[in-house]
Amino acid sequence: MPPILELHDLVKKYGDFAAVKGISFDIKEGEIFSLLGPNGAGKTTTISVLSTLFSPTSGDATICGHSVTREPMEVKRCIGVVPQELALYEDLTAQENFNFWGSMYGLSGKALSSRIDEVLEQIGLTDKARQRIKTYSGGMKRRVNIGVGLLHKPRLLFMDEPTVGIDPQSRRAILDSVKELNRQGMTVLYTTHYMEEAQELSHRVGIIDHGELIALGTQAELTRQVQETDTLILHIGENEDPQALIDALKDVPGVLRITPTNHEVAIVTPSAEELIAPVVTRADRLGIKVHSIDIREPNLEAVFLHLTGRALRD
Amino acid sequence: MSTRKIFHVALKDVCLIFRDRSALILMLLAPFLLTIGMGAVTGRFSGSSTNSGIADIPLTIVNADAGQLGDALVEMFTSPDLEALLDSTISTDLSAARAAVDNDESAAVIYIPAGFTDSIIPSPQRSAPPELVQVEFYANPTRPTSSGIVRTILEQFLSQVEIGRISGEVTVTQLLANGYIDPAQAAAVGTSIGQQMVQSSGSTSSIKLINVTEGGGEVEFDTLAYIAPGMALMFLMYTVTYGGLLLIKENRQGTLARMLISPTTSAQVLGGKVIGIFLIAMAQLLILIGGTSLLFGLKWGDPLAVLVLVFAAAFAATGWGIIIAAVFKTPGQVGSVGSALMLIFGLLGGSFFDVSSLPGWVQIISKISPNAWGMEGFLNLAHGGSIVSVGTPVLALLIMGAVLFCAAAFWISRRGLARK
Ligand SMILES: Nc1ncnc2c1ncn2[C@@H]1O[C@H](COP(=O)(O)OP(=O)(O)O)[C@@H](O)[C@H]1O
Ligand SMILES: [Mg+2]
């Protein structure tokens with residue numbers, strides 16, 4: 001079976017600035033594929049081109065067997081899109097929003113109203129359907145935003161950072177519903193800058209940074225690249241200076257790379273156990289108090305750190 | 001191309017505007033109240049000639065001023081001109097007057113505090129600038145129309161008293177509240193509305209009334225038949241600007257992009273937006289025409305011809321709304337340009353005074369406004385003209401609309417419908 005989505009050397013420039021610099025990958029029907037990358041990596045730009053909002057500067061993509069540049073109408077019918085920013089009418093109710101967006105997808109009459117009931121059920125807003133969106137909480141708005149993308153039962157669903165800025169329960173509910181949709185047969189392209197989400201959801205992950213796809217594969221394939229390395233996380237006090245600690249530790253044998261994050265210092269090393277003693281001694285000598293130490297098995301964060309030298313949430 | 005989607009886009013915009021209270025106030029209530037206010041100062045409501053549905057509005061005036069302005073205000077409200085419209089009681093007991101409003105026995109209280117006259121006309125003996133004393137207005141919220149009428153008349157009076165404290169206050173406040181103009185512009189807009197109102201109310205005789213139809217028969221002509229279309233056409237520009245703003249807002253809030261990534265063409269989306277604005281504009285004019293006919297018994301003329309003219313005026317004005325939205329980028333720009341056009345077109349189009357007394361070149365320039373053509377048509381009809389008499393204005397309005405749509409379509413096709 002041919003892939004449901006194929007990208008060939010896709011380039012998108014805004015003026016002179018290349019936001020996407022020639023990326024290629026494909027997605028098989030039935031997969032959850034995550035595009036993982038920090039803010040500004042080019043995730044939304046990629047989704048915008050794939051959903052035919054912008055034409056690519058060069059390259060092409062084929063979705064459901066149709067080219068995004070030459071047969072955009074066919075592509076639009078096959079995909080559902082959940083944009084990163086809420087795109088709803090706040091002065092209309094959820095029901096009215098669904099009615100409007102459903103009609104934009106050519107649904108009408110009984111078929112539309114029963115589908116709206118299903119979606120309302122799915123996002124758990126049946127009893128709030130007749131209230132205006134502007135009275136909703138952030139999490140509820142996000143769920144309506146997702147619901148709109150599901151109305152026409154797309155074969156392929158794009159979700160662009162659907163959990164940004166919401167409470168943990170709503171986030172949990174969204175992640176569960178992505179898995180449920182996938183179980184029912186929907187293919188999902190999911191973008192995020194949260195390593196944990198990519199890890200939990202995806203069959204395969206593409207890591208994107210500065211408009212380039214720097215790694216692609218299953219999680220096992222990706223972490224194998226950093227198999228030989230552990231990550232040691234030192235938690236230090238809020239008033240401590242991580243830079244001083246980094247300067248003191250960078251020439252310790254066994255430290256491959258060392259980077260600061262929030263009140264933490266992350267050290268990539270082939271062997272974490274052997275490093276603990278010298279690290280603690282040096283910190284102590286500087287008078288920096290280390291509250292706790294974690295050893296992390298190789299994960300997607302480590303892959304990103306390994307490939308770019310930066311933490312995902314810089 | 002499916003026209004159903006166009007219709008859905010249009011219907012959604014109609015729905016959105018009818019949910020926006022401040023927009024509705026400006027679209028419908030403001031022109032209505034201004035019509036009444038101007039009608040009141042021009043003596044429209046005098047004696048028996050009124051057959052309006054609104055009459056004998058109960059009102060209490062408490063005058064503690066003991067100065068010439070307070071007396072003048074009382075005199076105006078009790079004048080024979082307003083006798084049929086208002087039922088004014090003069091009282092000295094403010095709290096009793098307020099209680100009457102609270103008990104729904106009265107629509108409003110006007111309280112003229114002591115020192116009101118002095119605060120505006122400084123006595124020669126005093127050198128220090130007087131403290132500002134303001135007339136207070138206490139409205140009955142369950143009678144918004146009646147109290148709105150009283151308030152408008154009151155503001156008419158105040159604008160005649162002092163240009164700086166302008167009757168346009170209501171309008172300007174609403175424009176501001178709606179984010180439609182900057183606070184920085186408010187004073188200027190207020191002043192120019194106010195000045196125009198003072199001019200028009202002070203010089204009502206400059207409105208030329210022609211009482212003869214083409215057939216030679218006498219037709220009763222009513223000053224409201226001049227004022228009402230002027231106000232309706234002026235606020236028509238507000239409505240189409242609002243429509244243009246909806247397009248800009250949809251671009252900002254991402255719903256425009258979302259429509260464009262659904263299986264809907266840009267032509268369908270744009271077509272829907274245009275038809276939406278057009279329908280709102282039509283609805284506004286028809287409601288104002290219906291309202292003034294029912295409430296004041298105003299005769300607009302041959303209904304079919306009125307409908308044709310309304311169609312053409314809404315079409316041309318929609319063209320202006322779309323071109324502003326196509327050319328300008330931010331909601332602020334669109335709002336400012338729209339409110340400027342509303343005033344300029346209002347002035348040129350004769351919403352405030354009769355332009356036929358102005359120099360010829362001004363009259364020629366005025367023809368770029370839908371207001372001028374609309375006024376010409378409505379006046380012809382009010383004078384008893386048939387559908388033939390609006391042939392030229394209708395044609396001119398349709399051409400104006402078509403030219404503006406082509407220009408807007410060209411502009412939009414060059415830069416795309418959605419933009420960042
Ligand atoms: N309309 C635009 N014009 C110019 N630059 C843009 C535009 N949209 C995004 N960018 C830039 O392109 C880069 C990628 O942005 P984006 O695709 O939104 O990243 P992400 O979704 O991964 O956070 C960023 O540097 C951003 O500033
Ligand atoms: Mg993004």
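Labels below follow one simple rule: chain letters A, B, ... track the order of the sequence lines, proteins then strands, and each chain is numbered from 1.
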Task: Steps toward side chain to side chain contact (heavy atoms under 4.5 Å, CB included) verdict (A:Met73, B:Thr265) - done: CA-CA 8 Å; A:Met73 251 332 145; B:Thr265 61; 3.5 Å; yes

Are [X] and [Y] packed together at the side-chain level, in the sense that at least one heavy-atom pair is separated by less than 4.5 angstrom?
{"X": "A:Phe100", "Y": "B:Met259", "value": "yes"}
{"X": "B:Leu260", "Y": "A:Leu53", "value": "yes"}
{"X": "A:Arg77", "Y": "B:Ser262", "value": "no"}
{"X": "A:Lys76", "Y": "B:Thr264", "value": "no"}

TODO: Show the numbers, then the answer: is there a salt bridge (Lys or Arg N to Asp or Glu O under 4.0 Å) between A:Glu90 and B:Arg19?
DONE: CA-CA 11 Å; A:Glu90 299 245 332; B:Arg19 294 236 166 128; over 6 Å; no

Task: Pair A:Tyr89, B:Gln253: side-chain N/O donor-acceptor within cut-off below 3.5 Å - done: no

Open item on the list: Does A:Gln184 have more than 12 heavy atoms from other residues, nucleotides or ligands lying within 6.0 Å of its CD?
Closed with: yes

TODO: Answer yes or no: does atom NZ of A:Lys153 have more than 12 heavy-atom neighbours from other residues, nucleotides or ligands under 6.0 Å?
DONE: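 No, NZ of A:Lys153 has 12 or fewer neighbouring heavy atoms, counting only those of other groups under 6.0 Å.
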
Task: Interface moiety of B:Val9 toward chain A, non-hydrogen atoms closer than 4.5 Å - done: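 For B:Val9, backbone and side chain are both near chain A.
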
- [ ] Would you mind checking which part of B:Lys12 comes under 4.5 Å of any heavy atom in chain A, side chain (CB onward), backbone (N, CA, C, O), both or neither?
- [x]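 Only the side chain of B:Lys12 comes within 4.5 Å of chain A.
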
TODO: Begin from the C-alpha positions of B:Leu16 and A:Leu92 and carry the test side chain to side chain contact (heavy atoms under 4.5 Å, CB included) through to its verdict.
DONE: CA-CA 7 Å; B:Leu16 284 175; A:Leu92 300 184; 3.9 Å; yes

- [ ] Considering non-hydrogen atoms only, spot the tightest contact between A:Ala87 and B:Thr255 and give its length.
- [x]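 Of all heavy-atom pairs spanning A:Ala87 and B:Thr255, the closest is C-CG2, 3.6 Å.
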
- [ ] Would you confirm whether B:Arg258, through its side chain, and A:Val82, through its main-chain N or O, come within 3.5 Å as a donor-acceptor pair?
- [x]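 No, because the side chain of B:Arg258 does not come within donor-acceptor range (under 3.5 Å) of the backbone of A:Val82.
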
Open item on the list: Please classify the contact between A:Leu88 and chain B as side chain, backbone, both or neither, with a heavy-atom cut-off of under 4.5 Å.
Closed with: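 Contact with chain B is through both the backbone and side chain of A:Leu88.
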
- [ ] Under 4.5 Å, counting heavy-atom pairs only, tell me which of A:Arg132, A:Glu96, A:Glu74 racks up the most with chain B.
- [x] A:Arg132

TODO: Using side chain to side chain donor-acceptor pair (under 3.5 Å) as the criterion, list what pairs up with A:Thr187, not counting sequence neighbours.
DONE: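 Once residues adjacent in sequence are excluded, A:Thr187 has no partner under the side chain to side chain donor-acceptor pair (under 3.5 Å) criterion.
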
Open item on the list: To the closest 0.5 Å, what do you measure between CZ (B:Arg4) and OG (A:Ser103)?
Closed with: 7.0 Å

Open item on the list: For residues 142-152 of chain A, give me every residue with a non-hydrogen atom less than 4.5 Å from any non-hydrogen atom of chain B.
Closed with: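 The list, in residue order, reads A:Asn145, A:Val148, A:Gly149.
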
